[in-house]
Amino acid sequence: MKLLRATFFLALSALIARQFSGVMRAQDVNAQMLLHPPAESWPGYHGDYSGRRHSSLTQITPQNVKNLSLAWAFQTNQSAQIKSSPLLVDGILYFTVPDNIWALDARSGHQIWHYTYPPNKGLHIGHRGVGMYKGYLFFLSPDAHLLSLNAKDGSVRWNVTVADVTKGYWTTMAPLIVGNHVLIGVSGDFDNLTGYIRSIDPETGTTQWQWDSTPPVGTPNQTTGGMTWMTGTYDPDLNLVYWGTGNPTPVLNGSTRPGDDLYTCSIVALNPDGGKLVWSFQVSPHDTHDWDAVETPVLVDADFHGEPKKMLMQTSRNGYFFVLDRTDGKSLLTAPFGPVNWSLGVDKEGRPIPNPAKEPAPDGRLIAPDEGGMTNYRSPSFDTKNGLFIVDAHPSWSIYFAKPADGVYGWAGADYDVWGKGVIEAIDYQTGKIRWSHELGPEGSGAGVLTTDSGLAFTGDAMGNFLALDSSDGRTLWHAGSGSRIASSPITYELDGRQYVLTSSGGVIFVWGLPDAQ
């Protein structure tokens, strides 16, 4: 009997240790993990620095994905949708909704801790996650504070203000950690705000440098705006950070801001050690349709037309797909990935040429795409197996009106949707042609895309279904209803030899795996 009891307690102890092994290890992110994330981690917003959201994991395949079953689910009991992309470090998942951070055991969904930020006057429209360096999390609050928290228990280490919420700034993005720099961006739609990227010291919270995307307030013929509200990417070989910037303001009225309105609606390359601008490429010169260019700048090393290239790819809200040489920002390819009628074509530098006849007018102008754009903040994926850029797209048309009653400042206009639909598109980066298209429904999705080496693309549809598609042709191989709208991007990881796929919908995290790790 004693032997049986001893055997039982040894087995139980082993089970508990295995179940909570991630909790028992110290949570720690170092430079090597960020440069080369192991399979059991997802240490940054995009997984790695490239923004490709492509995984080398192959346990879940097109042949067995139909057997996916729910491993666990976690209910936040919040009315806000989950828009964040969780981090995974040492078996612990960290994710957010506005004012809240959770730490969960990635094997079981067991809550380890929950931090709630105090009530505040920030704009609570969504939140995209945290950054992590060493044993600390970095969280941007809706009222534009940056907090450093201890990853073990959620206790606050320091709290600094990064923008003035009383002027109309707010923050929603997941910080990007590069070396000893916590890189953050800001949001705000008012006409007197300057967009910027700021580098913060991870130990002290002090500002290291700031790069402004628009001139200081009060500059003659001033362009304001250029907000930086999505997480950028990083090339460690070139030591360059790549970031998309927002639209200029006033939003739909360009009469007070003649010219191209640099550096709004642009992709910029900065040196992370001092914030120096190395190059910029403007995807929407003199934007008058509210088409920011903050969508993920995806970094790909591959052949382009027979020559090896270090490329940057972006599907922009304005309807164009861009391929740039990321060493110098020169255009390799510019092509529409849906209906586009607002430009006169593309200039010799690969930039679209705005058509003045397609600016908002009192009698209305039919424009494609609509104000929501051909795509938006949701993450695309670059499928290295098939050489495809896969994105949640929204082909659409809208009527834009100028409203003289609003004056020359302010929004000074409106748009009214005429037609639109949601599709997942796979773009051949060599030509810009659509290789395949998977329809999602008239309202679109809002879900990001994740691809794997086994040939799968995970995403969601307009009806709240999680989907696994064959990444070579877009066929549906598996789906599961979530019961709510999907507004996030999936991730995947491997623990104890088992591959998991994490999705979220509404206020619920869902984690899927194969039974008995088939």
Side-chain angles (χ1 to χ4, degrees), residues 37-42 46-48 50-72 85-86 88 106 296 298 300 302 313 315 375 378-393 422-429 434-440 445-482 486 488-495 497-505 509-518:
E40 67 271 13
S41 72
W42 192 278
H46 303 294
D48 63 14
S50 74
R52 292 192 300 261
R53 284 192 178 258
H54 180 85
S55 171
S56 61
L57 296 179
T58 58
Q59 186 181 99
I60 302 172
T61 68
Q63 291 72 40
N64 65 24
V65 69
K66 64 181 182 294
N67 298 322
L68 274 188
S69 60
L70 188 64
W72 56 263
S85 185
L88 172 64
T296 305
V298 179
V300 176
M313 304 179 191
T315 40
T375 190
R378 51 278 214 176
S379 297
S381 178
F382 184 79
D383 177 14
T384 60
K385 176 185 173 76
N386 295 298
L388 296 175
F389 191 103
I390 303 178
V391 62
D392 177 358
V423 295
I424 298 294
E425 291 184 345
I427 305 171
D428 184 333
Y429 77 94
I434 307 301
R435 183 84 62 83
W436 56 257
S437 179
H438 179 102
E439 293 201 13
L440 299 175
S445 168
V449 183
L450 165 79
T451 57
T452 69
D453 268 354
S454 62
L456 292 170
F458 290 94
T459 186
D461 68 14
M463 305 305 294
N465 292 302
F466 301 126
L467 304 175
L469 310 179
D470 187 317
S471 59
S472 67
D473 57 18
R475 290 182 299 117
T476 301
L477 301 175
W478 171 85
H479 66 92
S482 72
I486 303 171
S488 59
S489 301
I491 72 169
T492 188
Y493 56 91
E494 183 179 273
L495 291 173
R498 186 182 187 190
Q499 182 183 355
Y500 296 91
V501 175
L502 183 151
T503 59
S504 58
S505 172
I509 292 280
F510 298 86
V511 174
W512 311 86
L514 296 172
D516 301 320
Q518 293 177 0

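Basis for what follows: all heavy atoms, side chains included, without hydrogens, waters or symmetry-related copies. Predicted model, so just to flag it, every value in this text is computed and none were measured.
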Going through the distances and angles, do Asp453 and Lys385 end up as a salt bridge (charged side-chain N to carboxylate O under 4.0 Å, His left out)? CA-CA 6 Å; Asp453 268 354; Lys385 176 185 173 76; over 6 Å; no
For this session: Could you tell me whether the side chain of Lys66 reaches within less than 4.5 Å of the side chain of Leu477, counting heavy atoms only?
Result: no
Heavy-atom closest pair (Gly460 atom, Leu467 atom, distance to 0.1 Å) is C-CD1, 4.1 Å
When rounded to the nearest 0.5 Å, the distance separating OG of Ser69 from CG of Leu514 is 7.5 Å
On a heavy-atom basis, the closest approach of Ala447 and Ile486 is CB-CG2, 3.5 Å
Q. So, does Asp428 use its side chain to make a donor-acceptor pair with the main chain of Arg435 at under 3.5 Å?
A. no
Check your understanding: When you measure from the side chain of Thr296 to the backbone N and O of Val298, does any donor-acceptor pair fall under 3.5 Å?
Key -> no
Separation between CD1 (Ile60) and CZ (Arg498), nearest 0.5 Å, reads 8.5 Å
Which of Val65, Thr459, Val449, Leu456 passes side chain to side chain contact (heavy atoms under 4.5 Å, CB included) with Leu469? Answer is Thr459
Taken to the nearest 0.5 Å, the spacing of Asp461 CG from Ser445 OG works out to 6.5 Å
So salt bridge (Lys or Arg N to Asp or Glu O under 4.0 Å) across residues 468-482, not counting sequence neighbours, yields Asp470-Arg475, Asp473-Arg475
Residue set satisfying ring pair (Phe, Tyr, Trp, His ring centres under 6.0 Å) with Trp478, at least two apart, ordered chain then number -> Trp512
_Could you check whether any side-chain heavy atom of Phe510 comes within less than 4.5 Å of a side-chain heavy atom of Ser504, counting everything from C-beta outward?_
no
Going by distance alone, is a donor N or O of one side chain under 3.5 Å from an acceptor N or O of the other, for Ser55 and Thr452?
no
Nearest heavy-atom approach of Thr375 to Thr315 is CG2-O, 3.3 Å
Any chance the side chains of Ser454 and Thr61 put a donor and an acceptor closer than 3.5 Å?
no
Contacts of Ser471 meeting side-chain contact (heavy atoms from CB on, under 4.5 Å) (sequence neighbours excluded), chain-then-number -> Asp383, Asn386, Ile390, Ala457
Review point. Just checking, any donor-acceptor pair under 3.5 angstrom between side chains of Thr451 and Ser381?
Key: yes
In this structure, CH2 of Trp42 is separated from CG of Leu502 (nearest 0.5 Å) by 10.0 Å
So CD of Gln499 and CD of Glu494: to nearest 0.5 Å the spacing works out to 7.0 Å
When every non-hydrogen atom of Gly448 is compared with those of Pro490, the smallest separation belongs to O-CD, 3.6 Å
Shortest non-hydrogen pair, Val511 vs Tyr500, comes out as CG1-CD2, 3.5 Å
Rounded to the nearest 0.5 angstrom, the CG-CZ distance for Leu450 and Arg52 is 12.5 Å
Does the gap between the ring centers of Phe458 and Phe466 come in under 6.0 Å?
no
Original post:
With a 3.5 Å cut-off and no angle check, do the side chains of Arg53 and Ser85 form a donor-acceptor pair?
Top reply: yes
Can the ring centres of Tyr429 and Phe389 be said to be less than 6.0 Å apart?
no
Smallest heavy-atom separation, Leu388 atom then Ala426 atom, equals CD1-CB, 3.9 Å
